[in-house]
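If you scroll down you'll find the structure; I have some questions about it.
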Amino acid sequence: MKRPTIAAAVVAVLATPIALVTSASIGAPTDIAVVNRGVVELQTGRTAGISARIAEDLANLIDDGATRRVLPVIGKGSLQNITDLKLLRGIDMAILQADVLDYARQQNYFPGLEGWITYIAKLYNEEFHLLARRDIKSVAELANQQVNVDLRGAGTTITAGRLFALLNIPVTPTYDDHEVALEKLRKGEIAAIAFVAGKPAPLFRSIAGEDGLHFLAIPLRPEVTAAYVPTRLTAQDYPGLVPGDQPVDTVAVGAVLAAANLQFGSDRYRNLVNFVEAFFTGFQTLLDPGWRRFPPAEEWLQRNIQVASPPNLQDLKTIFSRFIDERQQAAGGQPMTQQEKDQLFGQFELWQKSQIR
């Protein structure tokens, strides 16, 4: 058998076979070591949104049963998730709305935010939904009326506040849970519901047109499109709410995967390095056919295929080079020359191609 090359050290994270752990092979000290090996905790939004499902898909992709495991944790809201990413014991990553990060920085909500939060990748887009009563015909008619913006500190609260400010429309916010707010809307107690979620959001899919509720279009003014991505809600997304020939203009918010400021060389740092390597080299498999996937997650990944695709060759080489440098430094080894890195990257490409089925 041919002697393993140095590439084996780099791809071991991805190539390690699944270890079967039995009660006969586990002693008391080994239990803790095995269960905690390679674990990274990923905090998500609440289950009404898509991030919890995305985290589940990531866990299915990354977990190998022996050296890597993603543990999703349901968060309490975007601002709280940022706090947890900094202070809560064990949280290594979080899925956050990009505009909430901007808001937190602008408001100095977390002093020194740029110094301790880092960005791994943009994952997908979430759409801004504005569901209104029958008598409300435009966003302008919401002026001085009650609009539910989710629980305090939620991402929707931040996005809605910023959008209404950009449109110069003063509203009276309420802070009920989505289901409670929807019932109030049906009774006419509030004028509208704002909700940031990937379409088609389960909250709205069961609403029929005869209820008299409808989505309001967001005016795509320059100040709005400078802050958010223009998009539309269509009849394909919500057949009971959107007429086939009348898509509704709205905006989308980017969801990003952010990492905690971990101590270099620590176990958690090494676990996160392993996650990032597997994430960038394996995310494309989330798009492969044959998975039984939550339908909104499937639709999102197809719509955001450009976002979800792996980096181009040059970007991947840069990521690979950085990974090698970090591994060498963590192990106390000598830095590799660029020629050695290029040779190793070539071996890595051959290994990666051999994994495609």
Side-chain angles (χ1 to χ4, degrees), residues 45 48-50 97 99 124-151 154-221 223-225 227-255 295-296 299-300 303-304:
I50 198 69
Q97 286 181 208
D99 62 338
Y124 49 81
N125 288 328
E126 297 181 304
E127 288 75 25
F128 182 78
H129 300 72
L130 192 57
L131 188 71
R133 295 190 318 240
R134 184 194 303 271
D135 59 303
I136 304 294
K137 304 301 182 183
S138 71
V139 175
E141 294 180 23
L142 292 177
N144 302 312
Q145 298 217 50
Q146 289 189 330
V147 178
N148 193 77
V149 294
D150 203 354
L151 304 179
T156 295
T157 304
I158 307 302
T159 304
R162 296 183 78 189
L163 275 176
F164 287 129
L166 289 171
L167 296 170
N168 197 26
I169 299 174
V171 302
T172 302
T174 62
Y175 302 97
D176 290 316
D177 182 77
H178 305 302
E179 297 292 345
V180 173
L182 184 57
E183 186 61 28
K184 287 186 176 182
L185 183 63
R186 286 189 167 115
K187 293 178 179 179
E189 297 176 9
I190 59 176
I193 293 175
F195 185 33
V196 175
K199 63 179 184 179
L203 180 68
F204 303 125
R205 296 214 75 180
S206 61
I207 299 175
E210 56 267 23
D211 289 341
L213 306 180
H214 62 283
F215 289 121
L216 296 178
I218 302 301
L220 300 179
R221 300 174 185 171
E223 58 268 31
V224 172
T225 56
Y228 295 98
V229 179
T231 188
R232 287 180 165 182
L233 306 177
T234 68
Q236 183 177 0
D237 303 318
Y238 302 102
L241 284 170
V242 180
D245 58 345
Q246 299 176 33
V248 179
D249 288 336
T250 189
V251 294
V253 181
E299 292 167 15
W300 269 21
R303 286 201 316 274
N304 292 282

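None of these values were measured; they are calculated from a predicted model.
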Exercise. Take H178 and D150, measure what side-chain contact (heavy atoms from CB on, under 4.5 Å) needs, and give me the verdict at the end.
Key: CA-CA 6 Å; H178 305 302; D150 203 354; 3.2 Å; yes

Self-check item: Listed once per pair and sorted, the salt bridge (Lys or Arg N to Asp or Glu O under 4.0 Å) pairs that draw on residues 246-255, sequence neighbours left out
Solution: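 Qualifying pairs: R232-D249.
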
Quiz item: Considering all heavy atoms of both residues, which atom of A160 and which atom of A194 are nearest to each other, and what is their separation?
Solution: CB-CB, 4.1 Å

Quiz item: Applying salt bridge (Lys or Arg N to Asp or Glu O under 4.0 Å), which residue pairs with at least one partner in residues 158-178 are found, sequence neighbours left out?
Solution: R46-D177, D176-K184

Exercise. Considering non-hydrogen atoms only, spot the tightest contact between T234 and P247 and give its length.
Key: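 Heavy atoms only, the tightest pair is CG2-CB, 4.3 Å.
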
Practice problem: List for me each residue that meets side-chain hydrogen bond (donor to acceptor under 3.5 Å, both in side chains) alongside T250, sequence neighbours excluded, and say none if there are none. | Solution: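 Residues passing side-chain hydrogen bond (donor to acceptor under 3.5 Å, both in side chains) with T250: none at all.
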
Identify all side-chain donor-acceptor contacts of residues 214-221 below 3.5 Å with residues at least two apart in sequence or on another chain.
unit_1 : atom_1 : unit_2 : atom_2 : d
H214   : ND1    : R133   : O      : 3.4
H214   : NE2    : I136   : O      : 2.7
R221   : NH1    : L167   : O      : 3.4

Quiz prompt | Side-chain touch T172/V147, heavy atoms, less than 4.5 angstrom | solution = no

Self-check item: P170: side chain to side chain contact (heavy atoms under 4.5 Å, CB included) partners, not counting sequence neighbours
Solution: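 Partners of P170 by the side chain to side chain contact (heavy atoms under 4.5 Å, CB included) criterion, ordered by chain and then number, come out as A143, N144.
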
Quiz item: For T231, what residues pass the side-chain hydrogen bond (donor to acceptor under 3.5 Å, both in side chains) criterion, not counting sequence neighbours?
Solution: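 In terms of side-chain hydrogen bond (donor to acceptor under 3.5 Å, both in side chains), with neighbours along the sequence ignored, T231 is linked to no residue.
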
Quiz item: Where do L142 and A191 come nearest, in terms of heavy atoms and distance?
Solution: CD2-CB, 3.8 Å

Practice problem: Check side-chain hydrogen bond (donor to acceptor under 3.5 Å, both in side chains) between S138 and all other residues, then give those that pass, not counting sequence neighbours. | Solution: none

Quiz item: Counting only N and O atoms by type, is there a donor-acceptor contact under 3.5 Å from the side chain of E183 to the main-chain atoms of E179?
Solution: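 No.
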
Practice problem: Give the ring-plane orientation class for F204 versus F195, where under 30° counts as parallel, over 60° as perpendicular and anything between as tilted. | Solution: perpendicular

Practice problem: Kindly give the heavy-atom pair with the smallest separation between D135 and E141, and that separation in Å. | Solution: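 Between these two residues, the closest heavy atoms are O-OE1, 3.4 Å.
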
Quiz item: Under 3.5 Å, is there a donor-acceptor pair between the T159 and Q97 side chains?
Solution: yes

Exercise. Could you go through the side-chain contact (heavy atoms from CB on, under 4.5 Å) check for V251 and L163 one step at a time?
Key: CA-CA 10 Å; V251 294; L163 275 176; 3.9 Å; yes

Quiz item: Within a strict 4.5 Å, meaning less than it, do heavy atoms of the I193 and L182 side chains meet?
Solution: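 A side-chain contact exists here, since the closest heavy-atom pair is under 4.5 Å.
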
Practice problem: Would you please say whether a donor-acceptor pair under 3.5 Å links the side chains of Y228 and D99? | Solution: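 Checked: Y228/D99 side chains pair up, N/O donor to acceptor below 3.5 Å.
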
Exercise. Please tell me if the side chains of L241 and L131 come closer than 4.5 Å, counting only heavy atoms from C-beta onward.
Key: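 Yes, their side chains come closer than 4.5 Å.
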
Exercise. Evaluate whether atom CG of N168 has more than 12 neighbouring non-hydrogen atoms of other residues, nucleotides or ligands under 6.0 angstrom away.
Key: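 Check fails, neighbour count at 12 or below.
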
Exercise. Looking only at non-hydrogen atoms, find the nearest pair between A252 and N125 and report the distance.
Key: CB-CB, 3.9 Å

Quiz item: Hey, is the main chain of P230 close enough, under 3.5 Å, to the side chain of T225 for a donor-acceptor pair?
Solution: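 No: the side chain of T225 does not pair with the backbone of P230.
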
Practice problem: State whether the side chain of E127 and the backbone N or O of K199 hold a donor-acceptor pair below 3.5 Å, judged by distance alone. | Solution: yes

Practice problem: Answer with yes or no whether the side chains of T174 and N148 bring together a donor and an acceptor at under 3.5 Å. | Solution: yes

Quiz item: How far apart are the C-alpha atoms of I207 and R186, what are their side-chain angles, what is the distance that settles it, and do they pass the side-chain contact (heavy atoms from CB on, under 4.5 Å) test?
Solution: CA-CA 10 Å; I207 299 175; R186 286 189 167 115; 3.8 Å; yes

Quiz prompt | Considering all heavy atoms, the nearest Y175-L151 contact | solution = O-CD2, 3.5 Å

